[in-house]
Amino acid sequence: MRSISLHWTGHDYERVFPAYHFCISRPDDVLVHHTRDLRENMRDVRLAPELPYAAHTRGRNSWSIGLAIAAMESATPADFGRYPVTTAQLDALCRVAATLAAWYRIDVAAIRTHAEAALDDGYFGAGDEQRWDIARVRPSSAPLEPAEAAAAGDDFRRRIAELIVRAR
């Protein structure tokens, strides 16, 4: 594996999906669900898209691990709704990412949010066909900005790098 993509599911705290390799459910006493075989993405999925794989980030699924927090149903940047991401889920996301990055020797720079991929590929935002996970971890009425997505990604990478160093 060469990269890790960080997501939320856009649903409630319990529903997990095979579009990701791991889903983190429940708001406080979190559970980590292994939902998809990593080996399915250990290839250039574009060469045989009819074969099964975790399709978590448009055009970026080859050799990539998808991690998602079960949360954010009907969320907007200003209102995270009834199922906002929680601190416990965010902490678990970082711990799982750190474990996988260490095991697969994935450079921390290759751990990115779906929002960062969407920025690079031109579909960042809160519209129906756009993605902003995880550009913001607290709701705000301020406009959703690309710099905010980049800063959130940097914060996740810093936290994950610290967990990797502590584990050594």
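Counting from 1, the numbers follow the sequence of the chain as shown.
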* To do: List the steps and the verdict of salt bridge (charged side-chain N to carboxylate O under 4.0 Å, His left out) for Asp12 and Arg15.
  => CA-CA 6 Å; Asp12 63 29; Arg15 191 161 175 209; over 6 Å; no
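- Side-chain contact between Ser64 and His56 is present, with at least one heavy-atom pair separated by less than 4.5 Å.
- Using a cut-off of 4.0 Å between Lys/Arg side-chain N and Asp/Glu carboxylate O, Asp29 and Arg26 are scored as salt-bridged.
- In the hydrophobic clustering of ILVMFWY residues, with side-chain heavy atoms under 4.5 Å counting as a link, Val96 and Leu38 come out together.
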* **Audit row: Met72, Tyr83, side chain to side chain contact (heavy atoms under 4.5 Å, CB included) steps and yes/no** => CA-CA 5 Å; Met72 301 297 281; Tyr83 303 100; over 6 Å; no
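- In this structure a side-chain-to-backbone donor-acceptor pair under 3.5 Å is present from Arg43 to Glu40.
- Looking at residues two or more places apart in sequence or on another chain, you find a salt bridge (Lys or Arg N to Asp or Glu O under 4.0 Å) between Asp154 and Arg157.
- In this structure the side chain of Val85 never reaches within 4.5 angstrom of the side chain of Leu93, judged on heavy atoms.
- When Tyr123, Tyr20, Trp8, Phe156 are each tested for a ring pair (Phe, Tyr, Trp, His ring centres under 6.0 Å) with His114, only one passes: Tyr123.
- In this structure the side chain of Leu90 reaches within 4.5 angstrom of the side chain of Ile69, judged on heavy atoms.
- Under the 4.0 Å criterion applied to side-chain N and carboxylate O atoms, Arg131 and Asp133 are not assigned as salt-bridge partners.
- Residues Leu144 and Ala126 approach most closely at CD2-N, 4.4 Å, considering heavy atoms.
- Looking at Ile106, Asp44, Asn41 one by one, the single match for side chain to side chain contact (heavy atoms under 4.5 Å, CB included) with Trp63 turns out to be Asp44.
- Residues forming a salt bridge (Lys or Arg N to Asp or Glu O under 4.0 Å) with Glu148 (at least two apart in sequence, or on another chain): Arg136.
- Around atom CZ of Arg82, no more than 12 heavy atoms belonging to other residues, nucleotides or ligands sit under 6.0 Å away.
- Ring planes of His11 and Phe17: tilted class, angle from 30 to 60°.
- Looking at heavy atoms from C-beta onward, Val16 lies out of side-chain contact with Thr9 at the 4.5 angstrom threshold.
- Under the 3.5 Å distance criterion, the side-chain polar atoms of Thr57 are left unmatched by any main-chain donor or acceptor of Arg60.
- The shortest distance between side-chain heavy atoms of Ile24 and Leu31 does not fall below 4.5 Å.
- The CE atom of Met1 sits 9.5 Å away from the OG atom of Ser62 when rounded to the nearest 0.5 Å.
- Contact annotation: the side chain of Tyr104 never approaches that of Ile4 to less than 4.5 Å [non-hydrogen atoms, C-beta and beyond].
- Side-chain N or O atoms of Thr86 include one that pairs as donor or acceptor with a backbone N or O of Pro27 at under 3.5 Å.
- The NE2 atom of His7 sits 8.5 Å away from atom CD1 of Ile134, with the distance rounded to the nearest 0.5 Å.
- With values rounded to the nearest 0.5 angstrom, Asp155 atom CG is found 11.0 Å from Thr113 atom OG1.
- Arg36 has its side chain within reach of Pro52: a pair of non-hydrogen atoms, C-beta onward, lies under 4.5 Å apart.
- A salt bridge does not link Asp107 to Arg2: none of the charged side-chain nitrogens sits closer than 4.0 Å to a carboxylate oxygen.
- When atom types are taken as modelled, the side chain of Ser74 and the backbone of Gly81 share no donor-acceptor pair closer than 3.5 angstrom.
- Cluster annotation: Phe22 and Val45 are assigned to distinct hydrophobic clusters (Ile/Leu/Val/Met/Phe/Trp/Tyr, side-chain heavy-atom contacts under 4.5 Å, transitive).
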* Start with the C-alpha gap between His34 and His21, add the side-chain angles, then the distance that decides, and say whether ring pair (Phe, Tyr, Trp, His ring centres under 6.0 Å) holds. => CA-CA 6 Å; His34 180 216; His21 294 99; 7.7 Å; no
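- For the atom pair Leu100 CG and Leu67 CG, the distance stands at 6.0 Å (nearest 0.5 Å).
- The backbone N or O of Pro139 lies less than 3.5 Å from no partner atom in the side chain of Asp79, so there is not a single donor-acceptor pair.
- Linking Ile, Leu, Val, Met, Phe, Trp and Tyr residues whenever their side-chain heavy atoms come within less than 4.5 Å leaves Leu163 and Trp103 in two separate clusters.
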